[in-house]
S.K.: 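Input: one structure, supplied below.
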Amino acid sequence: MSTPRYLVPGDYMADPSVHVFNGRIFIYPSHDRESGIEENDNGDHFDMKDYHVFSTVDPLEGEIVDHGKVLDVDDVPWAGRQLWDCDVAEKDGKYYMYFPLKDRNDIFRMGVAIANSPEGPFIPQPDPMRGSYSIDPCVFKDGDEYYIYFGGLWGGQLQRYADNKALENAHLPEGKEKALPSRVVRLAPDMLQFAEEPRPVIILGEDGKELSADDPHRFFEASWMHKYNGKYYLSYSTGDSHFLCYATGDNPYGPFTFKGVILTPVVGWTTHHSIIEYKGRWFLFYHDSVPSGGRTWLRSLKVRELHYTPDGLIETMDGMD
Ligand code: FUB
C-alpha cells in the first residue's frame, strides 16, 4: 500500500478528473475557495469561480506542474454561479472540457469549452449543451464513441428531473423506493451536444434488484467510469453516507452490479474521485478536508495507488489514511 500524497498543498482543489494525454497525467479539479457563504444542504457554500489544470509524470513523487487558470466564470456568457466538477476528453487533437454551472435562473446546466492542448486555456461555447441538467460530468471514451455520465442529488438538482424533463415538484425517493439513478448519454460526433436522450444508469444489488433509496451504497454524485480487463467499472460517491463505491457491467449503459466500497469516509462531507491506469499501475485521485481543519468546502487533492484482487475486485482503502 502506498501512502497517500497531497498534490497541491498551497491551494484548495477538489473533485479531480484525471486523464493521461500524450503520456502525461493531467488533473482537472474544482478550485475551492472561501466564499463566506454559510454551509447548507443545497451546497451554496461551494461557490467556485475558476479552474486550474495540473500535470505530472509521477503522481506519487514527481513535480506537480500548475498550468494556471484555464477557465473563469466571467468568460462564460450564460453564467450564473458555482463552477463545480468538470471533465475533459480529447478528440482529433482538440480538448473538450465539460463543466456544470448554474445559469442565471439558478439551474445547473452543462457547458463545453475547447482547447488546442490538454493544459488549456479552454474557450467556452456561447450556450450550454441542449437538454443538459444537473452536475458532475464524467466523459468516457469507448472505441470511437464518447459517453458522458452525470448527475447529483440535493444541491446537484437531479431530483428535479424525470425522463429528462423538469418536474413541477422535485421528487427525492425515500426508504424502499428505487434510488435515483445517475444518467449516461452518448456524445454527438462534434462533441458539443448529446447524440441521444440521456438514459438512467441502473445499479443492481447482488440479488438482481435495483438499489433502494435507503441503501447506504446507492448513487449520490461523482460518477466515474473506467475499464479493467474488459469490464466497465462505474464508481461514484454515496453522498450522505460518505463512501466511494463501485459497480461493474458489460457495456457503457449498464445495468451495473454493485461490487463494494473503494474508499471509506474521508474527513469532510463530500468524497469525489477518479481512477486511471498509468505505466501499468492504477491510481485513485480524491480529496479530503484534513489540511483545512475539516472545513467541508475547502478540500485538498490526494492520490494513492489502487489494487485489484485476482478476481477483479477493487481492494477497499481507508479514507482516514
Ligand atoms: O465540488 C462541488 C460538488 O461537491 C461536486 O460537484 C460534488 O461531486 C461534490 O464533491
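Just so you know, ligand 1 is whichever comes first in the structure, and atom 1 is the first atom listed for that ligand.
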S.K.: Give the residue and atom name of whichever protein heavy atom lies nearest to atom 10 (O) of ligand 1, and the separation in Å to one decimal.
M.R.: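 Scanning the protein heavy atoms, the shortest distance from atom 10 (O) of ligand 1 goes to Asp15 OD1, 2.7 Å.
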
S.K.: Short list, please: which atoms of ligand 1 are under 4.0 Å from a heavy atom of Met48?
M.R.: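 Matching atoms, with element in brackets: 1 (O), 2 (C).
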
S.K.: What is the nearest protein non-hydrogen atom to atom 9 (C) of ligand 1, stated with its residue, atom name and distance?
M.R.: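 Ranking protein heavy atoms by distance from atom 9 (C) of ligand 1, first comes Glu221 OE2, 3.3 Å.
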
S.K.: Quick one: list whatever passes side chain to side chain donor-acceptor pair (under 3.5 Å) with Glu277, sequence neighbours left out.
M.R.: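 So Glu277 forms no side chain to side chain donor-acceptor pair (under 3.5 Å) with any residue.
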
S.K.: Just which atoms of ligand 1 are under 4.0 Å from any heavy atom in Asp136?
M.R.: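 The list of qualifying atoms is 5 (C), 6 (O), 7 (C), 8 (O).
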
S.K.: Please determine whether salt bridge (Lys or Arg N to Asp or Glu O under 4.0 Å) holds for the pair Arg299 and Asp288, giving the CA-CA distance in whole Å, both sets of side-chain angles, and the decisive distance to 0.1 Å.
M.R.: CA-CA 5 Å; Arg299 301 161 293 177; Asp288 70 24; over 6 Å; no

S.K.: Counting only nitrogen or oxygen atoms and a 3.5 angstrom limit, does His272 reach ligand 1?
M.R.: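 There is such a contact, yes.
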
S.K.: Polar-atom distance check: His287 versus ligand 1, any N or O pair below 3.5 Å?
M.R.: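 There is no such contact.
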
S.K.: Taking 4.0 angstrom as the limit and counting only heavy atoms of Arg299, give me the atoms of ligand 1 inside it, by number and element.
M.R.: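 Once the distances to Arg299 are compared, the set is 1 (O), 2 (C), 4 (O), 9 (C), 10 (O).
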
S.K.: Tell me: protein heavy atom nearest atom 3 (C) of ligand 1, and distance?
M.R.: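 Atom 3 (C) of ligand 1 sits closest to the protein heavy atom Trp84 CE3, 3.7 Å.
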
S.K.: Looking at Tyr12 and Arg295, what are the two nearest heavy atoms and their distance?
M.R.: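 For Tyr12 and Arg295, the tightest heavy-atom pair comes out as OH-NH2, 4.0 Å.
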
S.K.: Are Tyr233 and His226 an aromatic pair, judged by ring center distance below 6.0 Å?
M.R.: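 Yes, the ring of His226 comes within the 6.0 Å limit of the ring of Tyr233, centre to centre.
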
S.K.: What pair of heavy atoms forms the shortest contact from Val88 to Tyr95, and how long is it?
M.R.: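 The answer is CG1-CB, 4.2 Å.
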
S.K.: Do the ring centers of His242 and Trp269 come within less than 6.0 Å of each other?
M.R.: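 Ring centroids of His242 and Trp269 are less than 6.0 Å from each other.
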
